[in-house]
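Heads up, the thing below is written out as structure tokens.
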Amino acid sequence: MVKICCIGAGYVGGPTMAVIAFKCSKVVVTVVDISSQRINAWNSDHLPIYEPGLDDVVKQCRGKNLFFSTEVEKHVSEADIVFVSVNTPTKTHGLGAGKAADLTYWESAARMIADVSKSDKIVVEKSTVPVKTAEAIERILTHNNKGINFTILSNPEFLAEGTAIEDLFYPDRVLIGGRETPQGQKAIETLKEVYANWVPVEKILCTNLWSAELSKLAANAFLAQRISSVNAMSALCEATGADVAQVSHSIGTDSRIGPKFLNSSVGFGGSCFQKDILNLVYICECNGLPEVANYWKQVVKVNDYQKARFVNRVVSSMFNTISAKKIAVLGFAFKKDTGDTRETPAIDVCKGLLGDKAKLSIYDPQVTEDQITKDLSMRKFDKDHPAHLQPASPTSIKQVSVVWDAYEAVKDAHGVCIMTEWDEFKKLDYQKVFDSMQKPAFIFDGRNVVDVKKAREIGFIVYSIGKPLDPWLKDMPAVVA
């Protein structure tokens with residue numbers, strides 16, 4: 001019976017291993033993590049992450065062929081295949097700070113695997129890593145091998161949060177990269193056999209190591225580029241009276257372009273897009289490709305511009321000051337159907353509003369008050385590190401209140417900022433919202449979820465990204481000097 005151990009019980013390791021266990025009854029899967037709090041949550045009725053369908057999958061397998069444990073070394077030692085799904089945050093200091101991936105946790109995992117292994121192992125990169133990481137890991141393992149054979153594979157994940165279980169059940173492709181040697185090819189076949197339990201063989205792509213590592217960064221860079229492209233168009237739409245939704249639909253019908261990832265918004269977020277692009281920028285710079293680095297850097301710049309533009313619209317619309325005004329923030333997660341707040345545009349927007357001394361009332365159906373407080377008080381990139389290495393968060397931020405009801409959030413507010421496209425925000429009684437707010441009442445829709453025509457008929461002044469501007473906003477600058 002094949003034994004799989006996954007180091008790291010986060011957004012990638014937990015769901016991926018749960019689905020492998022669910023689909024491969026003859027494989028024993030153990031997910032290990034040094035955080036007892038996280039492992040206890042995986043063993044409880046309240047899983048540490050929210051993902052539609054994940055609860056059912058875990059409950060059907062847990063205790064049968066799916067286990068969660070803090071006994072890291074024991075399970076790594078016993079495994080045939082070790083997936084490494086640890087954090088690869090952006091470096092906060094030293095060479096490559098602000099761009100390069102910090103491989104501290106990866107290196108420490110590799111050294112531990114070498115120390116405790118008593119039998120040959122296939123070691124699988126599941127974290128998003130820079131190209132040529134496998135080479136560094138190979139060196140660590142081969143210099144500490146004690147006669148044991150380690151084979152490195154790259155098996156990047158392409159999950160979208162909010163649809164991770166669906167993505168794992170019906171993937172567009174599974175990518176496995178390995179060395180072009182007999183040992184490397186044999187390892188590829190071993191992992192391929194695991195996925196072939198439910199993934200059609202033609203969807204399992206096999207490449208060399210470097211192609212697999214780069215494919216993950218390239219996929220995220222291309223997706224983020226589409227979002228920045230349509231967001232750049234949204235600014236032009238507002239300036240000219242065009243409607244970004246109509247432009248997106250029009251270009252999306254072109255089969256060469258396609259309709260996906262063309263929704264304009266306040267900006268992209270999540271754990272991967274910005275981190276992976278910055279990583280790509282750093283790799284390009286290190287390889288003497290400054291023009292390529294600058295091209296990808298612009299994708300991140302446009303994303304930052306979009307968030308700054310949104311804050312400026314709020315301030316300039318409300319008589320150029322929001323000091324002491326109550327602003328309701330609806331949604332804090334970076335997208336609907338997840339509780340993940342990593343790199344969520346809401347953080348930068350809220351910090352921008354707080355910088356102008358607004359009072360914020362925040363509501364998100366899946367994000368806790370503690371998480372919101374931590375996000376608004378933490379330095380950029382600190383959040384990517386394990387919880388015990390993160391700075392302690394203050395108990396509260398004076399200008400912020402977190403509530404558990406959208407109508408409570410908007411009560412007596414001067415303006416409403418919609419930051420996440422939760423379905424419930426489309427179904428709110430906007431007449432009730434209007435009646436409870438200060439007048440004039442503003443809606444700043446960062447996700448284009450509101451029916452602009454109906455909202456204006458109720459009496460709202462509406463700013464919706466990329467839509468023709470409300471007459472109130474027409475003479476107000478998009479960027480405050």
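The chain is numbered in sequence order, starting from 1.
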Let me have the donor-acceptor pairs involving side chains of residues 449-458, under 3.5 Å, with sequence neighbours excluded, atom names and distances please.
| residue | atom | partner | partner atom | Å |
| --- | --- | --- | --- | --- |
| Asp451 | OD1 | Lys453 | N | 3.2 |
| Asp451 | OD1 | Lys454 | N | 3.1 |
| Lys453 | NZ | Glu457 | OE2 | 3.1 |
| Arg456 | NE | Asp470 | OD2 | 3.1 |
| Arg456 | NH2 | Val462 | O | 3.1 |

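Side-chain contact between Gln399 and Cys350: absent, with no pair of heavy atoms (C-beta onward) separated by less than 4.5 Å. Between Tyr463 and Ile443, the closest side-chain pair of non-hydrogen atoms is not below 4.5 Å. Annotation: side chain of His414 is not in contact with side chain of Met437 (no heavy-atom distance under 4.5 Å). Here the side chains of Thr70 and Val32 are not in contact, with every heavy-atom distance at 4.5 Å or above. With contacts defined as side-chain heavy-atom distances shorter than 4.5 Å, the pair Leu262/Ile257 qualifies. With a 4.5 Å cut-off on side-chain heavy atoms, Val31 and Ser85 do not count as touching. Residues Ser436 and Tyr407 have side chains not in contact (no heavy-atom distance under 4.5 Å, counting atoms from C-beta outward). Under the 4.5 Å side-chain criterion, counting only non-hydrogen atoms from C-beta, Asn448 is in contact with Val244.
A search for salt bridge (charged side-chain N to carboxylate O under 4.0 Å, His left out) contacts involving Lys325 returns nothing, not counting sequence neighbours. For Glu71, the salt bridge (charged side-chain N to carboxylate O under 4.0 Å, His left out) criterion is met by no residue, not counting sequence neighbours. With sequence neighbours left out, the salt bridge (charged side-chain N to carboxylate O under 4.0 Å, His left out) criterion links Glu161 to Arg342.
Between the Ser377 side chain and the Lys374 main chain, a donor and an acceptor come within less than 3.5 Å of each other. Put simply, the side chain of Asp412 never gets that close to the backbone of Gln438: no donor and acceptor are under 3.5 Å apart. Using a distance-only test at 3.5 Å, with no hydrogens or angles considered, a donor-acceptor pair links the side chain of Thr373 to the main chain of Glu369. With hydrogens and angles disregarded, no donor-acceptor distance shorter than 3.5 Å links the side chain of Asn231 to the backbone of Val266. Lys216 contributes no side-chain N or O that, together with a main-chain N or O of Ala212, makes up a donor-acceptor pair within less than 3.5 Å. A side-chain donor-acceptor contact under 3.5 Å links Asp429 to the backbone of Gln431.
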- How far apart are the C-alpha atoms of Glu285 and Lys297, what are their side-chain angles, what is the distance that settles it, and do they pass the side chain to side chain contact (heavy atoms under 4.5 Å, CB included) test? CA-CA 11 Å; Glu285 288 173 346; Lys297 219 182 271 184; 3.4 Å; yes
- Task: Could you walk me through whether Val28 and Ile4 pass the side chain to side chain contact (heavy atoms under 4.5 Å, CB included) test, one step at a time?
- Result: CA-CA 6 Å; Val28 175; Ile4 290 177; over 6 Å; no
- Step by step, would you call Asn155 with Tyr195 a side chain to side chain donor-acceptor pair (under 3.5 Å)? CA-CA 11 Å; Asn155 176 218; Tyr195 283 111; 2.6 Å; yes
- Task: Evaluate the side chain to side chain donor-acceptor pair (under 3.5 Å) criterion for residues Asp337 and Trp422: first the C-alpha distance (whole Å), next the side-chain angles of each, then the deciding distance (0.1 Å), finally the verdict.
- Result: CA-CA 7 Å; Asp337 293 335; Trp422 288 105; over 6 Å; no
- Task: List the steps, then state whether side chain to side chain contact (heavy atoms under 4.5 Å, CB included) holds for Lys336 with Asp423.
- Result: CA-CA 8 Å; Lys336 73 172 186 176; Asp423 290 341; 3.0 Å; yes
- Item | Leu153/Val123 under side chain to side chain contact (heavy atoms under 4.5 Å, CB included): CA gap, chis, key distance, verdict | CA-CA 6 Å; Leu153 297 179; Val123 179; over 6 Å; no
- Query: Given Asp167 and Thr163, is the side chain to side chain donor-acceptor pair (under 3.5 Å) satisfied, shown in steps?
  - Reply: CA-CA 6 Å; Asp167 295 344; Thr163 59; 3.1 Å; yes
- Would you check, one step at a time, whether the test side chain to side chain donor-acceptor pair (under 3.5 Å) holds for Gln306 with Ser234? CA-CA 9 Å; Gln306 188 77 340; Ser234 75; 3.0 Å; yes
- Determine, stepwise, if the pair Asp56 / Lys59 fulfils salt bridge (charged side-chain N to carboxylate O under 4.0 Å, His left out). CA-CA 5 Å; Asp56 290 342; Lys59 281 173 183 168; over 6 Å; no
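Salt bridge Asp243/Lys467: present, at least one basic N to carboxylate O contact under 4.0 Å. The pair Asp172-Lys203 fails the salt-bridge criterion, with no side-chain N (NZ, NE, NH1 or NH2) lying under 4.0 Å from an Asp/Glu carboxylate O. Under a 4.0 Å N-O distance rule, the pair Glu238/Arg309 qualifies as a salt bridge.
Between the CZ atom in Phe332 and the CG atom in Asp375 there is a gap of 5.0 Å [rounded to 0.5 Å]. With rounding to the nearest 0.5 Å, the separation of NZ in Lys351 from CG in Leu354 is 9.5 Å. Atom NZ of Lys335 sits about 14.5 Å away from atom OG1 of Thr341, to the nearest 0.5 Å. Separation of atoms CG (Leu175) and CD (Glu213) is listed at 10.5 Å; rounding is to 0.5 Å. Atom OG1 of Thr420 and atom CG of Asp364 lie 5.5 Å apart (nearest 0.5 Å).
Residue pairs meeting the salt bridge (Lys or Arg N to Asp or Glu O under 4.0 Å) criterion with at least one partner in residues 258-274, sequence neighbours excluded, are absent. Annotation: salt bridge (Lys or Arg N to Asp or Glu O under 4.0 Å) contacts involving residues 433-450, sequence neighbours excluded, comprise Glu421-Arg447.
Taking the six-membered ring for Trp and thresholds of 30 and 60 degrees, Phe319 and Trp472 have ring planes more than 60 degrees apart, a perpendicular arrangement.
When all heavy atoms are compared, the tightest approach of Ser361 to Ala409 is OG-CA, 3.3 Å. Closest approach of Phe268 and Asn303 over heavy atoms only: N-OD1, 2.8 Å. Heavy atoms only, all atoms of each residue included: Val57 and Ala18 are closest at CG1-O, 3.5 Å. The minimum heavy-atom distance between Ile465 and Ser264, with the atom names listed, is CG2-OG, 3.1 Å. Thr338 and Tyr11 make their closest contact through OG1-CE2, 4.2 Å (heavy atoms, listed as atom of the first residue, atom of the second, distance).
Proximity of the aromatic rings of Phe442 and Phe460 is defined here by a centroid distance below 6.0 angstrom, and this criterion is not met. Ring to ring, Trp42 and Phe67 are not that close: their centroids are 6.0 angstrom or more apart. Side-chain rings of Trp198 and Phe22 stay apart, their centers remaining 6.0 Å or farther from each other.
Under the 3.5 Å distance criterion, with hydrogens and angles disregarded, a donor-acceptor pair is assigned to the side chains of Gln225 and Tyr295.
A cation-pi contact, defined as under 6.0 Å to the ring centre and within 45° of the axis, links Arg173 to Phe158.
Within 6.0 Å of the NZ atom in Lys64, the count of heavy atoms belonging to other residues, nucleotides or ligands does not exceed 12. At most 12 heavy atoms of other shown residues, nucleotides or ligands fall within 6.0 angstrom of atom CE in Met233.
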